[in-house]
Novice: 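Got a structure for you, questions after.
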Number of protein chains: 2
Amino acid sequence: MATTGPQKPVSGTQGRRSTIRDVARQAGVSVATVSRVLADNYPVTHATRAKVLRAVRQLDYVANAHAKALAGTGVETLALVLDDITWSAFAQIGAGVEQEAARRGRLCLVCTTQGDRQRELAVVNLMREQHAAAVILVGGIQYTAEYRERMSQFARSLDSVGSRLVLCGRPPLGEDLPATVVEYDNEGGAYGATAHLLSLGHRGILFVGVQEGQSTADGRLVGYRRALADYQVPAVPALEREAVFQRDAGLRAVREALRERVAFTAVFAATDMVALGALEALREAGRRVPEDVSLVGYDDIPMVSELTPRLTTVHVPYQELGRTAARLVLDRREGIGGAEDRVRLSTHVVVRGSTAPPPAPVPA
Amino acid sequence: MATTGPQKPVSGTQGRRSTIRDVARQAGVSVATVSRVLADNYPVTHATRAKVLRAVRQLDYVANAHAKALAGTGVETLALVLDDITWSAFAQIGAGVEQEAARRGRLCLVCTTQGDRQRELAVVNLMREQHAAAVILVGGIQYTAEYRERMSQFARSLDSVGSRLVLCGRPPLGEDLPATVVEYDNEGGAYGATAHLLSLGHRGILFVGVQEGQSTADGRLVGYRRALADYQVPAVPALEREAVFQRDAGLRAVREALRERVAFTAVFAATDMVALGALEALREAGRRVPEDVSLVGYDDIPMVSELTPRLTTVHVPYQELGRTAARLVLDRREGIGGAEDRVRLSTHVVVRGSTAPPPAPVPA
DNA sequence: CTGAAAGCGCTAACAA
DNA sequence: TTGTTAGCGCTTTCAG
């Protein structure tokens, strides 16, 4: 059998994949009957059903998902688009999305962009082709007019094919756009972290992670400044250091601040990875954490609770973020009334061992 | 327009999704012409092409991937099945698969099973329906007869529909089965780690991570024992401690060994997560690492190079593992001759700060 | 309760 | 160079 007709170049024993028609023939019934048995949504005699199921087993038949999709049935797919799945926070969001999708019988397509916005565009269109029920875009972005314009188009063009744009951990667009937003209290977390340091008595707090226009970085900087203002501590430009959200950047930024002899008794790193770099820079300089300098991170990625000292940081419910994104979009699809399209989860400071009062008491 | 006909329950402005027929009408050509312009695989007048492309833009048309798939064109999909995407090693494998898939224009479906073998079965069938070009199963397993049987069926039933089973970081099945295997030198890594400790002078080496029948754990235990044998150090049952591959298990196992006053100067943890637990147990007991006790992990997950002390461990090229899995299976599909179906990547010890000679010289 | 047949949207002969 | 049309595999009226 397998040697009939033009062979495909692939090796293996596979013959033609059996179709519903093969099953029908084998069972001696019509394709409609097979379809009914398999869908189990229509009355069928016990005997007929048995014949069909036997044929299905004999032929090891599985339906063709594409044909089902074309015919209007078919499993829905959620598309997840992120920079890099190996980043802990993203992996957690991904896990949340996948779990909720799986729980509700959906499939999950994952695409990474490595920060390439060109590729993001290609991916969104690809997902439109795939009839993804939703496209979930994850992670902070450079918030420009161009960005807003692009997202608006994404939102509209997905909406026009019955799909939905979901922004997860990204700032919302205009109210009028057909998009779902799941964010977390980014600024609030930074406020809390800074306030924690301030209430310990710190006054010179180095903020590491300035990135002009990067939504996540901006929000954290704003939270930092607001806390300073509330404690009547003047913001000092020299204390606000640039750094992309990676370990090396944190290392360099703190080294530089140290070299410049900027006065500080605490470091607030805009992400845990940056905090790791900061920690190393402090060690190099012989500054002990937390005895000499306190250190706070942001994200609460699993590993930082294993550090020595265990890192004080801001917990973000990333997995819940992903789960919520999936839930919102699936609820809406299922017509569950009152499905919100804008949710903000809260963040909170987790105090661990890397923060303490400053070494010398602050003058009153 | 949008208000004509029976409304779907979903909100939004989406009307009917435009099809190739709409584009044809709008451009005043036939559907075949549109198809040709879009596929760009056939001569078409410049003028005609322009008309078609304009219509495509006006209608914001994208092809229906399911229809393309049914018709035999269509983007292939790789299915990745793993326990939990938040585990660093798995995330890295996933990143490798996704990158290679994307590079070659394929899509990547991710399903997690949380270790549930029942779900694994369901997922494999689902992937068969989806016409996944391959199903990549990731991670160690309980190597039983039942397992072999199940995998054999997976291999055959995927093969029968022209798909391919790929085992990534799992032990191979029989030679005769249609499956591709990408593994790493699991036992060799364990041998190397143990030999490193032995050559430092350690003789009492606690192995933490025994799991009867778990392929990865078994391999590592075998490597450990082989190194001991090669150094003529007798294997002591009390030094081989059970622990699943998680932090808590490592913590408990080492605590217990300490409580039992088992004599050892080094700990070989079967995974880095286990090593983390071991580290904590040692600290609790006031044992310094590496001055009093040396510690080695396995996996080289990113965080362990940030610990204090930085962890000596076995590096596994997880990302490369994923990339290779994707490459092999795609090469084979593209009929690239000589695509192997069995690859083993090598591992190596990364010596960092958690290992040192034992405190007291060993009697000669 | 079962079957025949008309699509779903696209591609690829085959004709013109 | 372009158009017509027969599938791809499944679901779902509509008849029987």
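Quick caveat: nothing in here was measured; it's all calculated off a predicted structure. Order of the sequence lines sets the chain letters (A, B, ...), proteins ahead of strands, with each chain counted from 1.
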Novice: Could you tell me the separation between the OH atom of B/Tyr42 and the C1' atom of D/dT4, rounded to a whole number of Å?
Specialist: 14 Å
Novice: Side chain of A/Ile20 only, please: which of D/dT2, D/dC10, C/dT11 is the nearest?
Specialist: D/dC10
Novice: When all nucleic acid strands are considered with a 4.0 Å heavy-atom cut-off, which category describes A/Thr45: base, sugar-phosphate, or nothing?
Specialist: sugar-phosphate
Novice: For a quick check of understanding: with a heavy-atom distance under 4.0 Å over all strands, which category does A/Ala63 fall into, base, sugar-phosphate or nothing?
Specialist: sugar-phosphate
Novice: Is B/Thr73 near enough to C/dC10 that one of its side-chain N or O atoms lies under 4.0 angstrom from OP1 or OP2?
Specialist: no
Novice: On DNA chain C, check which nucleotide each of B/Asn41 and B/His66 is closest to and give me the residue with the more 5' one.
Specialist: B/His66
Novice: Atom CZ of B/Arg21 and atom P of D/dT4: how far apart are they, to the nearest Å?
Specialist: 12 Å
Novice: Which heavy atom in B/Val329 sits nearest to a heavy atom in B/Ala134, and how many Å separate them?
Specialist: CG2-CB, 3.4 Å
Novice: Without decimals, in angstroms, what is the distance between A/Lys51 NZ and C/dC1 P?
Specialist: 14 Å
Novice: If you check every side-chain atom of A/Leu70, which of D/dC10, C/dT2, C/dC8 has the closest atom?
Specialist: C/dC8
Novice: Nearest to the A/Ser30 side chain among D/dT11, C/dG3, D/dT5, which nucleotide is it?
Specialist: C/dG3
Novice: For the side chain of A/Asn64, counting heavy atoms from C-beta on, which of C/dT2, C/dC8, D/dC10 is nearest?
Specialist: D/dC10
Novice: Roughly how many Å is it from NE2 in A/His46 to C1' in C/dT2, rounded to a whole number?
Specialist: 18 Å
Novice: Between A/Arg342 and A/Glu183 (salt bridge meaning N to carboxylate O under 4.0 Å), is one present in this structure?
Specialist: yes
Novice: Below 3.5 Å, does any donor atom in the side chain of A/Arg36 face an acceptor in the base of C/dG3, or the other way round?
Specialist: yes
Novice: Under 4.0 Å between a side-chain nitrogen and a carboxylate oxygen: does that hold for A/Glu76 and A/Arg164?
Specialist: no
Novice: Taking atom P of D/dC10 as reference, at what distance in whole Å does atom CZ of A/Arg25 sit?
Specialist: 12 Å
Novice: May I ask you to say whether B/Glu146 pairs ionically with B/Arg117, meaning some side-chain N is under 4.0 Å from a carboxylate O?
Specialist: no
Novice: Can we say A/Asp159 and A/Arg156 salt-bridge, meaning some charged N sits less than 4.0 Å from an Asp/Glu carboxylate O?
Specialist: no
Novice: Side chain of A/Ala71: nearest nucleotide among D/dT2, C/dC8, C/dC10?
Specialist: C/dC8
Novice: Would you say A/Leu137 and A/Phe154 make side-chain contact, with heavy atoms under 4.5 Å?
Specialist: yes
Novice: Please state how far atom CG in B/Asp40 lies from atom C1' in C/dT11, giving the value in whole angstrom units.
Specialist: 15 Å
Novice: Just how far, in rounded Å, is P of C/dC10 from CD of A/Gln130?
Specialist: 13 Å
Novice: Is the shortest side-chain N/O distance from A/Lys68 to OP1 or OP2 of D/dG9 below 4.0 Å?
Specialist: no
Novice: Could you give the CG-to-C1' distance, from A/Leu38 to C/dT2, as a whole number of Å?
Specialist: 16 Å
Novice: With respect to the phosphate group of D/dC10, does any side-chain polar atom (N or O) of A/Ser35 fall under 4.0 Å of OP1 or OP2?
Specialist: no
Novice: Of all the nucleotides listed (D/dC10, C/dC1, D/dT1), which has the minimum atom distance to the side chain of B/Pro43?
Specialist: D/dT1
Novice: Where each residue is assigned the nucleotide of DNA chain D containing its nearest heavy atom, which of B/Ala32 and B/Gly72 is assigned the position nearer the 5′ end?
Specialist: B/Ala32
Novice: Over all strands shown, is A/Val34 touching base, sugar-phosphate only, or nothing at heavy-atom distances under 4.0 angstrom?
Specialist: nothing
